[in-house]
Amino acid sequence: MIRLLFTLCFALSVLLNEYTYGLYFHIAEAERKCFIEEIPDETTVIVNYKVELFDPRSGGFMPSSPGIGMHVEARDPDDKPILSRVYSSEGRISFTSQTPGEHVICLYSNSSSWFSGSQLRVHLDIQVGEHAIDYANVAHKEKLSEIQLRVRQLLDQVEQITKEQNYQRYREERFRQTSESTNQRVLWWSVTQTCLLLGMGAWQMRHLKKFFEAKKLV
Amino acid sequence: MDFWSIWALLSALLACVYFADGVELTFELPDSAKECFYQEIQKNVSATLEFQVVTGGQYDVDVVLEAPNKQIIYKKEMAQFDSYTFTPEMTGVYKACFSNEFSTFSHKLVYMDFQVGDEQPLPGIGEHVTVMTQMETSSQEIHKSLNTIIDYQTHHRLREAQGRKRAEEINERVMWWSILETLAILFITIGQVFMLKNFFSEKKPSQMMNAK
């Protein structure tokens, strides 16, 4: 009986998930919207999106628009594309980061079946790390009791915190290196500038002295 | 499993439709641009809008939060970061707009977190019609504390990103400034010498002309 309820719960949550991401924004033709996620390595990112085309006849947005494609591009911190594909009007993309850093997720529509000057409404939901885990699914697959599921969730959260702290250490090191590089550059530049000024001053005097001696003015 | 637990489970599932999690996004706001995000919120479901400017210019942005009846419920100009919790009085689409229209050449990186309602409870937990055991209460407390830790980590990361990007910008500026100043010094010193030489060279033919 419990298993039946969990199955029902799982099925319903899968269905309800489609309606629970409510944040949306508008994107114009050929406009590119990019979102940045700064994440540690080995972190899963799940992007759920749904696209609706503005219908000028009704003045509203058509709920389902076949033929509208959405180009989704995900790039890693070294600007290498992780994935770059055209998806349908509704999709779910997931990738796992290999290197820590700023990952960029860009969305733009490349379809030509637009009414000119119209807009697309894009529902977007980006879940990172432990938010990306579907606990109903986990409970169903591994047959965990409530307490076990709760402990699993706590373990996942702690793991994410650990990864983030590790990433924080790496970022702080980068920050420190940048500051030390600036310090070195300023020091090197001051010394060089002094030497350069002294050198150029000496050259000027020598050159002018030779010039005036040649002109018989000195 | 009796009627009540089934009813509790179904009501908890229905609550999923209303208790939606929020979204946190970091996006780039170009100069003289405005970005708006829309969110459907039910009446009396508490929602929080949080934002922070990570990089760009003076780290400020204009924020406006509009209710479905076009009434402005929150407005802040040239703000660096803020968190605003509100309980909507009507069901509808709420609009949060971030504007960088006052800036002509600095584009900004803005972090936004729009949380609606409470967090979705774990599946199966809603089934309870009895009081939770000590274990369950403790684990719930731990979960809430961990959520707070993750939230603090996010803010720390944003602040650190701000400092780090500023340091990288300074580093690059120092390099360009040194190169430019080296070139300027060389140009000026050599230019001075040649101009002086020019003065003395020109006088000679005119002196000869005057003597004649």
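A note on names: the letters A, B, ... follow the listed sequences, proteins ahead of strands, and every chain is numbered from 1. Everything quoted here is computed from the prediction, not taken from an experiment.
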Ranking B:L196, B:V174, B:I150, B:I149 by heavy-atom pairs under 4.5 Å to chain A gives rank one to B:I150

Distance col, row A:E37:CD vs B:T26:OG1, nearest 0.5 angstrom, shows 5.5 Å

CH2 (A:W189) and CH2 (B:W177) are apart, to the nearest 0.5 Å, by 7.5 Å

Honestly, the part of A:I161 sitting under 4.5 Å from a heavy atom of chain B is both

Q) With a 4.5 Å heavy-atom cut-off, do B:H143 and A:L154 have their side chains touching? A) yes

Looking only at A:F25, A:Y24, A:Y167, the option with the highest number of non-hydrogen pairs under 4.5 Å against chain B is A:Y24

Open item on the list: Quick one, A:V158 and B:L146 - any side-chain contact, counting heavy atoms below 4.5 Å?
Closed with: yes

Looking only at B:C36, B:A167, B:S139, the option with the highest number of non-hydrogen pairs under 4.5 Å against chain A is B:S139

inquiry  = Contact between A:R171 and B:R157 at the side-chain level, heavy atoms closer than 4.5 Å - yes or no?
reply    = yes

Check: What is the ring orientation for B:F27 with A:F35, classed by angle as parallel under 30°, tilted 30 to 60°, or perpendicular over 60°?
Finding: perpendicular

Decide, yes or no, whether a salt bridge links B:E35 with A:K33 under the criterion of side-chain N to carboxylate O below 4.0 Å.
yes

Counting heavy-atom pairs under 4.5 angstrom with chain A, the leader among B:V54, B:L109, B:I142 is B:I142

To the nearest 0.5 Å, atom CD of A:E146 lies from atom CE of B:M135 at 12.5 Å

Crowding at CD, B:E89 (>12 non-hydrogen neighbours, <6.0 Å):
no

- Query: Would you call B:Y111 and A:I36 a side-chain contact if the rule is heavy atoms closer than 4.5 Å?
  - Reply: no

Cut-off 4.5 Å, heavy atoms of chain A, and the answer for B:I190 is both

Any chance CD of B:E169 has more than 12 other-residue heavy atoms, nucleotides or ligands included, within less than 6.0 Å? yes

Cut-off 4.5 Å, heavy atoms of chain A, and the answer for B:V93 is side chain

Per-residue tally against chain B (heavy atom, under 4.5 Å) across A:R174, A:H131, A:Q157, A:Q127 peaks at A:Q157

Minimal heavy-atom distance between B:V23 and A:L124, with the atoms involved, is CG2-O, 3.9 Å

Item checked: Trace of the side chain to side chain contact (heavy atoms under 4.5 Å, CB included) decision for A:T192 with B:T182 -> CA-CA 9 Å; A:T192 309; B:T182 312; 5.8 Å; no

Okay, A:W188 and chain B: the region with an atom under 4.5 Å from a heavy atom over there is neither

Problem set entry | Sidechain N-carboxylate O distance under 4.0 Å for A:R150, B:E136 | no

Distance col, row A:E164:CD vs B:T154:OG1, nearest 0.5 angstrom, shows 6.5 Å

Most heavy-atom pairs under 4.5 Å with chain A, out of B:R173, B:Q153, B:M175, B:H156, belong to B:Q153

Check your understanding: side chain to side chain contact (heavy atoms under 4.5 Å, CB included) between B:Y38 and A:H26: does it pass, once the steps are laid out?
Key -> CA-CA 9 Å; B:Y38 306 82; A:H26 294 142; 3.6 Å; yes

Taken to the nearest 0.5 Å, the spacing of B:Q192 CD from A:L208 CG works out to 9.0 Å

Value for OG1 (A:T178) from CD (B:E168), rounded to nearest 0.5 Å, stands at 4.5 Å

So, the part of A:F211 with a heavy atom under 4.5 Å from chain B: the answer is side chain

So, the part of A:Q165 with a heavy atom under 4.5 Å from chain B: the answer is both

Q.
Surrounding NE2 of A:H71 (heavy atoms of other residues, nucleotides or ligands, distance under 6.0 Å), is the total greater than 12?
A. yes

Would one find more than 12 heavy atoms of other residues, nucleotides or ligands at under 6.0 Å from atom CD of A:E142? yes

Of the listed B:I41, B:L25, B:N147, the one with the largest count of heavy-atom pairs under 4.5 Å with chain A is B:L25

Cut-off 4.5 Å, heavy atoms of chain B, and the answer for A:L197 is side chain

Main-chain N/O of B:T189 paired with A:Q204 side-chain donor or acceptor, under 3.5 Å | yes

Cut-off 4.5 Å, heavy atoms of chain A, and the answer for B:F37 is both

Shortest non-hydrogen pair, A:D125 vs B:G22, comes out as OD1-O, 4.4 Å

Of A:E172, A:Q153, A:H207, the largest count of non-hydrogen pairs under 4.5 angstrom with chain B goes to A:Q153

So, the part of A:E38 with a heavy atom under 4.5 Å from chain B: the answer is both

The interface call for B:K95 against chain A, heavy-atom contacts under 4.5 Å, is neither

Okay, B:A96 and chain A: the region with an atom under 4.5 Å from a heavy atom over there is neither

